[in-house]
Amino acid sequence: GAVVSQHPSWVICKSGTSVKIECRSLDFQATTMFWYRQFPKQSLMLMATSNEGSKATYEQGVEKDKFLINHASLTLSTLTVTSAHPEDSSFYICSARDPSGSADTQYFGPGTRLTVL
Amino acid sequence: GDSVTQMEGPVTLSEEAFLTINCTYTATGYPSLFWYVQYPGEGLQLLLKATKADDKGSNKGFEATYRKETTSFHLEKGSVQVSDSAVYFCALSRGGNKLVFGAGTILRVKS
């Protein structure tokens, strides 16, 4: 089946630094990828939709300049948390849509745990 | 806007017990409905889905029927196992657009 990977699986950084998280579709080309944030014991909240070769579409309330998304190829999207602060600590999850499959099915990565000290 | 409401957990059951996790939704039109499962330390996996009214999605002994009249998509399993312990998310999507998730329900199965 379709596999999506994320790297790193966890990261700890100091306040004020930037962190990049990678999301890769391993066995299919993903024209659309999604970035979610999951707080402890809560659901996933969509942050942005990333389309290959174009600017990401951010959900209301998500700061574009803080969460930079780049989808430069059909198998890779990156999320950069700029000038991270402790409140950015969270579990970040990406997903990808396989264009050869069902239009409404997304495949999820294992997530990245970000801790900002 | 679209929303999904699912029963709060945690739900604690003994092995071989019957499972129901309730899920209702609010959406215009005819959304596709999903159940995702998140095992400890892993990412979300699609468990089952249904794309139109009266469709039944099934997988690994789990079932859910798309009920348009009650706007529900309750998840059921006749006999749970310890390995079913996980967090279950109900979700909807309209026209292949973004997924809207419920809050998730923790299931704990004791041997």
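Chain letters run A, B, ... following the sequence lines, proteins first and then strands; every chain starts at 1. None of the values given here were measured: they were computed from a predicted structure.
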ask   = Should B:V37 and B:V109 be regarded as members of a common hydrophobic cluster, given that ILVMFWY residues are connected when their side-chain heavy atoms come within less than 4.5 Å of each other, either directly or indirectly?
value = yes
message = Evaluate B:L44 against A:Y36 for side chain to side chain contact (heavy atoms under 4.5 Å, CB included), listing each step before the verdict.
response = CA-CA 12 Å; B:L44 272 74; A:Y36 295 84; over 6 Å; no
message = Which heavy atom of B:A103 sits nearest to which heavy atom of A:S43, and what is that distance?
response = CA-CB, 3.5 Å
key: chain B contact via A:L44 - side chain, backbone, both or neither, heavy atoms under 4.5 Å   = both
task = Please indicate whether B:M7 has more than 12 foreign heavy atoms, meaning atoms of other residues, nucleotides or ligands, lying under 6.0 Å from its CE.
result = yes
inquiry  = For A:K66, I'd like to know if atom NZ has over 12 heavy atoms of other residues, nucleotides or ligands within 6.0 Å.
reply    = yes
ask   = Would a hydrophobic clustering, with Ile, Leu, Val, Met, Phe, Trp and Tyr connected at side-chain separations under 4.5 Å, put B:L19 with B:L48?
value = yes
key: Minimum-distance pair of heavy atoms, taken over all atoms of A:Q38 and B:F89   = NE2-CZ, 3.4 Å
request  = Would you please go through residues 58-75 of chain B and name the residues with a non-hydrogen atom below 4.5 Å from one of chain A, in numerical order?
outcome  = none
query = Between B:K98 and A:F34, which heavy-atom pair has the shortest distance, and what is it?
reply = CA-CE2, 4.4 Å
ask   = Has B:E16 got more than 12 heavy atoms of other residues, nucleotides or ligands less than 6.0 Å from its CD?
value = no
task = Identify which part of B:L99 has an atom lying under 4.5 Å from any heavy atom of chain A, answering side chain, backbone, both or neither.
result = both
ask   = So with a 6.0 Å cut-off around NE2 of A:H7, is the heavy-atom count from everything else above 12?
value = no
request  = Using the rule that two of Ile, Leu, Val, Met, Phe, Trp, Tyr join whenever any of their side-chain heavy atoms come within less than 4.5 Å, decide whether B:I106 and A:I93 are in one cluster.
outcome  = yes
request  = Is it possible for you to say whether B:I21 and B:V100 belong to one hydrophobic cluster, with membership spreading through side-chain heavy-atom contacts below 4.5 Å?
outcome  = yes
message = Quick check on A:E59 against chain B: is it the side chain, the backbone, both or neither that has a heavy atom closer than 4.5 Å?
response = side chain
key: Over 12 non-hydrogen atoms of neighbours within 6.0 angstrom of CD in B:E8   = no
inquiry  = Counting only heavy atoms not in B:Y39 (residues, nucleotides, ligands), do more than 12 fall under 6.0 Å from its OH?
reply    = yes
ask   = Measuring heavy-atom distances to chain A, does B:Q45 have an atom under 4.5 Å in its side chain, in its backbone, in both, or in neither?
value = neither
